[in-house]
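Source: prediction; values computed, not measured. Here is how names work: the chains are called A, B, and so on, in the same order as the sequence lines, proteins then strands, and each is numbered from 1.
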Amino acid sequence: MAKIVHEFRDPIHVFIRVDTHERKIVDTRPLQRLRYVHQLALSYLVYPGATHRRFEHSLGVMELAGRVFDVVTAPGNLGAEVLKLLPDLANEDARRYWRRAIRVAALCHDIGHLPFSHAAEHELLPEGWDHERLTRELIQSPEMVEIWNSVIPPLRPEHVVKLAVGRKKAKDLEFSPLEELLSEIVVSDAFGVDRVDYLLRDSHHAGVAYGRFDHYRLIDTLRILIPATGEAPTLGVEEGGLLSAEALLLARYYMYSQVYFHPVRVIYDIHLQRFLSEWLPGGQFSTDIEGHLRMTDNEVIAAMFEAARTPGSPGHDSAKRVVERNHFRILWTRNPDDLRKNPDAGRVLSLRAKEQFDAVEHSKKVGGGGTEDFPVLMRDGRVVSSVALSETLEKLPAIASEFVFVAPERQEEASRWIEGKRDEILQEMKEAEE
Amino acid sequence: MKRLRRAAVVTELADRLREAGSWCGETHLQKACYFLQQLLGVPLEYEFILYRYGPFSFELREELVEMRADGLLELRPAPPYGPGILATEASAELRSQFPKTLSRYGEAINYVAGRLGDKWVTDLESLATALYVHEEEKRDSVDSIASRMRELKPRISEEEAESAASELLRMLQQYLPSIEQA
């Protein structure tokens, strides 16, 4: 008898199981392409173990989406008020449909990623495009629609799209309250399983402990709750899961601060972007489905090594910076003292430094925040904001990193210059009124 | 409007909302910015969509996080509800750099803070949804706005929808003529 359940071995979740219908999706070209797209771009040049790919992350997100769905929709975990607002969850056929949809959407949520994942997608795609839009196009492509029609129960492509990319990236679509909630399970900034998997997985492969937390306990205590302010149902936790939720948000804080916003990773991203802008036809990736499916990290790496060896070829200088590890060095780092003098300190300093030294790059990244407030179900049945219960969450800072970089051959001279000019430059308020 | 100028307007609005009695959670600030932009024409340039709690801008959320990171806003607990947002001394320093901007939009900021500052979150959701329906679907009567609100947000009761639609129409009659004169 043919197998109907298939297993993948996984370093984070041990076994990830798919049925035959889901396996058809795993075997499609868009999913298989993710075997050749690094999860953390060029971070392996900083953390040598971080060579894992989007493919195993996508399997992990699917696994977690199914687990969370099962917990939050278990009959004993659903309040009467929630069921009134989300009646589909009381219907067994509808529940089975949405379980399939959320697992498949989680599996497909990253299929639109460009080579090297997040690196510079806004600069390297035409206006109005990002990887989520490519994901939508792929999910709605004839090749995938044939799959959606063949699985049991058949899936509507627009449901897969909504759950895979969420409201933020599908502003033109109308979401039902249930669709909003289910997309929150996949992509929300607080408890989205995308985030849960990448923190655990990236931490494991990078060899840093910051990203670990008790996700078993967290998932077990997730609930669909109506906040104290009476707004729509959303994901929250039982009181017993609050510490695990704190641990998740702290893990995120440390992983962003230490790994995702690591200055050397940031400058490699910039060098890679500069290379791609010169090497790609028209300076941008193709948004055509076949063009997208043909392009992986492998093609880019081969081209980058070739360009680094060939003076005068497009992107030669930037490719050489990456291949020879001769990246730009830090000239200025964001700090409270300079920000007090000028909240736009990094931009202003980088503009002046660029006028002086040319080989200067600026990067500002802000993450996290806006997620520390979620409903908590108390043992006495009240629903209270997490921030009212947790001093840790109340004090959790927004995550920000900002650097000005300069070519290593100009670093000494530029450092002396910035020390002498810093206060004068920071007095400038570049956006001041006319 | 550029980022720092917009930050000056948003932090001023946060101060005015608190003075008007609001604990100024993110929902308050989101809805107040929506009114400031859509009803009073302050060019904040945020993109609002009809989200779970009424009109909402992801771009504004991201900027609020950035303003926190830049030391212009802080969170303050407001038990048992979510955190309140407080403008810092650094934001007052920033605002001092934009006197013309704040003078130009001062009346609009005060009007929005005065009308919305003492409202409960669910009332803000209803009122902002009424404005959304009026703006996006060009509906001008209480019945038409309220019935569409109920289609979009079945959680809002008939009475709440009609009350919000009536209040919106009063605001439009009250404030729009003074804008047109200015």
Tell me whether K364(A) is salt-bridged to D70(B), with the criterion being a basic N under 4.0 Å from an acidic carboxylate O. yes
With a 6.0 Å cut-off (strictly less than), is the heavy-atom count around CD of E151(B), excluding the residue itself, greater than 12? yes
Go through K84(A), R382(A), K171(A), E394(A) and name the one with the most non-hydrogen pairs under 4.5 angstrom from chain B. K171(A)
Between E47(B) and K168(A), is the closest basic N to carboxylate O distance under 4.0 Å? no
By a 4.5 Å heavy-atom criterion (distance strictly below it), what part of E89(B) contacts chain A: side chain, backbone, both, or neither? neither
Side-chain touch T234(A)/Y53(B), heavy atoms, less than 4.5 angstrom: yes
Crowded around E174(A) CD? As in, over 12 foreign heavy atoms under 6.0 Å? no
Looking at Y254(A), I'd like to know if its OH atom is crowded, meaning that more than 12 non-hydrogen atoms belonging to other residues, nucleotides or ligands lie closer than 6.0 Å. no
Hey, is the main chain of L50(B) close enough, under 3.5 Å, to the side chain of R167(A) for a donor-acceptor pair? yes
With a 4.5 angstrom heavy-atom cut-off, could you sort out which part of E59(B) is near chain A: side chain, backbone, both or neither? side chain
Are R155(B) and L85(A) side-chain neighbours, meaning at least one heavy-atom pair lies under 4.5 Å? yes
Measuring only between side-chain heavy atoms, which start at C-beta, is R52(B) closer than 4.5 Å to E184(A)? yes
I need the N342(A) CG to Q97(B) CD distance, nearest 0.5 Å. 8.5 Å
Given heavy-atom pairs under 4.5 angstrom as the criterion, report whether the side chain, backbone, both or neither of Y51(B) touches chain A. both
Nearest heavy-atom pair of V387(A) and P77(B): which atoms, and what distance? O-CB, 4.3 Å
Side chain, backbone, both or neither: which part of L393(A) has a non-hydrogen atom closer than 4.5 Å to chain B? neither
At a heavy-atom distance under 4.5 Å, which candidate from P177(A), P227(A), A232(A), P375(A) has the highest pair count against chain B? A232(A)
Scored by heavy-atom pairs under 4.5 Å with chain A, the best of I49(B), T27(B), L72(B) is I49(B)
Calculate, to the nearest 0.5 Å, the distance between atoms CG and CG belonging to L94(B) and D344(A) respectively. 9.5 Å
